[in-house]
S.K.: 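Structure provided below as C-alpha cells; questions to follow.
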Amino acid sequence: MTENDFTMQNEMRRAFAMLSGKWKLEIMWLLHQRIYRFGELRKAIPGITQHMLSAQLRELEADGLVSRTVFAEVPPRVEYEMTQKARGLGPTMEALSVWWEEHGKTVPAKPALRGRKPNDVPSVAKRTR
C-alpha cells in the first residue's frame with residue numbers, strides 16, 4: 001500500500017463521515033428531489049424526531065451540503081435545499097437508485113419501524129424483577 005492509497009482512504013473516511021448517521025442520506029435523497037420546508041421533511045421521514053431532524057440539518061448545513069433559507073414572513077417560512085456542492089452527489093444517488101432497482105428485491109426486508117414509539121416502553125406492570 002502506498003502513501004497515496006492511505007491518503008485517499010483518509011479522504012474517503014472524511015467523505016463518508018459527512019453523510020453518515022441514521023437520517024442524513026434519507027434527508028439528502030429527499031432534497032435531491034426538490035426544496036423542502038422543515039415540516040414537510042419531518043412528515044416525509046417516518047420515525048425521525050424534530051430534535052434529530054434539526055440536528056442532522058444543522059450538521060449538513062455546517063458541512064456545506066444543505067442551505068437554509070429563512071423568509072421574513074409571519075409565520076416564518078424556512079426552506080432547505082441541496083447546495084451546488086451537494087448536487088455533485090447526484091450521479092452517485094442516481095447510481096444507487098439504479099443499483100437498487102436491479103438488486104433491491106434480493107435484500108431481505110427489515111421491519112419498517114424506526115425510532116422509538118411511545119408503546120415501545122414497557123409499562124410498570126409488565127416489567128420483571
Side-chain angles (χ1 to χ4, degrees):
M1 181 157 89
T2 68
E3 183 178 320
N4 192 36
D5 291 335
F6 180 73
T7 300
M8 183 49 88
Q9 180 180 350
N10 286 341
E11 295 304 310
M12 287 295 91
R13 185 177 294 125
R14 289 180 60 209
F16 295 151
M18 288 177 69
L19 296 170
S20 67
K22 186 173 182 179
W23 308 104
K24 284 184 181 179
L25 286 173
E26 192 165 352
I27 292 167
M28 294 301 291
W29 175 256
L30 289 167
L31 293 177
H32 176 67
Q33 310 304 311
R34 66 178 180 90
I35 296 171
Y36 274 83
R37 293 176 69 173
F38 184 87
E40 293 174 321
L41 278 172
R42 188 159 178 223
K43 287 177 187 172
I45 306 172
I48 195 167
T49 64
Q50 182 172 338
H51 174 78
M52 184 55 69
L53 179 57
S54 293
Q56 298 286 270
L57 286 167
R58 276 194 303 272
E59 288 178 21
L60 289 166
E61 187 178 9
D63 288 335
L65 299 176
V66 168
S67 67
R68 177 180 186 263
T69 305
V70 180
F71 294 88
E73 300 173 355
V74 178
R77 177 170 50 113
V78 180
E79 293 181 344
Y80 295 89
E81 65 182 308
M82 290 178 84
T83 61
Q84 196 60 38
K85 176 168 67 171
R87 293 239 170 254
L89 293 168
T92 303
M93 291 185 182
E94 296 303 326
L96 183 57
S97 180
V98 168
W99 177 85
W100 187 258
E101 285 293 321
E102 184 176 340
H103 301 287
K105 289 183 176 48
T106 66
V107 177
K110 291 186 178 179
L113 295 177
R114 296 191 309 201
R116 190 171 197 171
K117 308 290 182 234
N119 59 357
D120 288 345
V121 179
S123 68
V124 175
K126 292 182 182 178
R127 289 188 186 151
T128 58
R129 293 179 185 199

S.K.: Looking only at non-hydrogen atoms, find the nearest pair between E26 and P46 and report the distance.
M.R.: OE2-CD, 4.5 Å

S.K.: My understanding is that only residues two or more places apart in sequence, or in another chain, count here; which of them pass side chain to side chain contact (heavy atoms under 4.5 Å, CB included) with V107?
M.R.: W100

S.K.: Among pairs that include at least one residue of residues 76-90, which meet salt bridge (charged side-chain N to carboxylate O under 4.0 Å, His left out), considering only residues two or more places apart or in two chains?
M.R.: E73-R77, R77-E79

S.K.: Under a 4.5 Å cut-off applied to non-hydrogen side-chain atoms, are F38 and V78 in contact?
M.R.: no

S.K.: More than 12 heavy atoms of other residues, nucleotides or ligands under 6.0 Å from NE2 of H51: yes or no?
M.R.: no

S.K.: Working to the nearest 0.5 Å, report the span between CD1 of I45 and CD1 of I27.
M.R.: 4.5 Å

S.K.: Kindly list each side-chain donor-acceptor pair under 3.5 angstrom involving residues 54-72, sequence neighbours excluded, with atom names and distances?
M.R.:
| unit_1 | atom_1 | unit_2 | atom_2 | d |
| --- | --- | --- | --- | --- |
| S54 | OG | Q50 | O | 3.1 |
| E59 | OE1 | K24 | NZ | 2.7 |
| R68 | NE | Y80 | OH | 3.2 |

S.K.: Side-chain contact, heavy-atom cut-off 4.5 Å: L53 with W23?
M.R.: no

S.K.: Measuring only between side-chain heavy atoms, which start at C-beta, is L96 closer than 4.5 Å to L25?
M.R.: no

S.K.: Rounded to the nearest 0.5 Å, how far apart are NE2 of H32 and CE of M82?
M.R.: 6.5 Å

S.K.: Under the salt bridge (Lys or Arg N to Asp or Glu O under 4.0 Å) criterion, do E11 and R14 qualify, and how do the steps go?
M.R.: CA-CA 5 Å; E11 295 304 310; R14 289 180 60 209; 3.1 Å; yes

